[in-house]
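For ligands, and for the atoms within them, numbers begin at 1 and follow the listed sequence. Positions are given from 1, in the same order as the sequence printed here.
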Amino acid sequence: MGISMKRRDFLKTAALASGAALVSESVSQANGLLAQTKGIVKPVVVSSGNGLKATAKAMEMIQQGSDALDAVIAGVNIVEEDPNDRSVGFGGLPNEEGVVELDSSVMHGPSGRGGAVACIRNIKNPSKVAKLVMERTDHVLLVGKGALKFAKAHGFKEEDLLTDEARQIWLRWKENLSKSDDWLPPHDINAKDIGEDLKPFVRHYGTINCDAVDANGNLSGVTTTSGLAFKIPGRVGDSPILGAGLYVDNDVGAAGSTGRGEANLLSCSSVMVVEYMRQGKSPTEACLTACKRIASQTKEARLLADNGRPTFQVIFYAVNKRGEYGSAAIWSGARFAVNTGEKESRLEESAYLHKRERR
Ligand code: ASP
C-alpha cells in the first residue's frame, strides 16, 4: 500500500510537472498566435440552418467580449429550449420507446479541451452539461445515467422533455410501423391494410452545430441534438463524439456536422474537415472533401441508390482561423446560418456533391 501510494504520488507529481510544461508551451504558442491574429480577424459564427437565432446570439456575445465557447453555447441553448425544434433538446423527437435521449459535445480552442454527454435523459440543456464535463471532470465523455447523475450533482433539474406534439408524431410512427404488430393507427372499420411506412417519419434527422471564431482568432464549437428520431434506446450518434460531430483546433479552424450520424461515425469527418483546412483548403472545399470521403466509404447496398450514390444526407459546417466560413452537403438543398457581425443572421446555400432531382 505504502509503495503503491508513493508510486501514485510520483506519477501524479510527474503528470503535474509534464502538464505544467505542456500548459506553458501551449500558452506561449497561443500567445504567439494571438499576437499574429489579434484585431485582424472579423468574428464569424456559422451553424446548421436551424441556427438563425443561435448565431445572432453568439455574435452579440462575442462582440461584447465573451469567450467564443460561452457564446455558441448560449446560442444553441435557444434551440435546445425551443419546443418547436423537433431535433434538439426540449421538444426533440424521442427514441423508439417514446423517451427523449440527448447527445452533445463542446470544444474550446484556446485551451484545447472538450467535453461531451451522450444518451442523457430529462436535461434540457445537454450542451451546458457537456461544458461542465470539460471543466469539472478529468473525463471527456459521460453517458446515460452517469451523465444524468453528474448533471444533477451540478444542480440541473430533471424535466420531461417530451412535448405533446413530439409524442403524437412518435405515436403515429409507432402505429404505422408494421402491419404485424398490435399497435393500430386510427382506421375505418372496413380497412384491411393497416400500418404502412410513413416515409417522412421513417428516419428524421436534425441537430444544431454552431462554430465561431472571435476577433482574436480563437475558435470554439458545440453540437447538440436529440439524435435520430425513434432510435433504439442507447443509440449514440456522431454529435457527442469529438472528431465526428465536432472538432476544433485553435491553430486551424472548427467544424461540425448534422445528418446521418452513423456515416459520420465511420469516417470521423469533422476532424478531417479541420485537417483539410490545415492542408490549405477553404472551409467549403474542406466540407465538400469530407462529403466525398463519406460517399466513397459507403459500401452497403442498402444505403446506395442504383447509381451508387448515398441515399442519405450529411452536412458539414466550418470556419477557419482567418474568419472564412463554409458548408457542404452530400445532397443539394441544404442551407446554413451565418452571422458576420450584423444584428440579423442569414441563411446561405451549402455547396453539394449531388443535385437532388425534383420529383
Ligand atoms: N447527426 C445526428 C445524429 O446522427 C442527427 C442529425 O444531425 O440529424 O444523431
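Remark: Arg322 CZ is loosely packed, at most 12 non-hydrogen atoms of other residues, nucleotides or ligands lying under 6.0 Å away. Residue Gln168 qualifies as enclosed at atom CD: its count of foreign heavy atoms under 6.0 Å is above 12.
Between Ile78 and Lys53, the closest heavy-atom pair is CD1-O, 3.9 Å. Residues Val117 and Val133 come closest through the heavy atom pair CG1-CG2, 3.9 Å.
Residue-ligand proximity: Arg235 is placed with a non-hydrogen atom under 4.0 Å from ligand 1.
Listed by number with element, the atoms of ligand 1 under 4.0 angstrom from any heavy atom of Leu228 are 9 (O). Shown in contact with Gly227 at under 4.0 Å from a heavy atom are these atoms of ligand 1, numbered in order with element: 9 (O). The atoms of ligand 1 that sit less than 4.0 Å from any heavy atom of Thr258 are 7 (O).
Two residues are said to be in side-chain contact when any heavy atoms from C-beta on lie closer than 4.5 Å; Val72 and Val76 fail this criterion.
If you check each of Thr207, Thr223, Leu102, Asp238 against atom 1 (N) of ligand 1, the one with the closest non-hydrogen atom is Asp238.
Under a 3.5 Å cut-off, the side chain of Asn339 and the backbone N or O of Arg346 do not form any donor-acceptor pair.
Taking only nitrogen or oxygen atoms, main chain and side chain alike, Gly261 reaches within less than 3.5 Å of ligand 1. Remark: ligand 1 and Gly259 share an N or O pair separated by less than 3.5 Å (distance only, no angle test).
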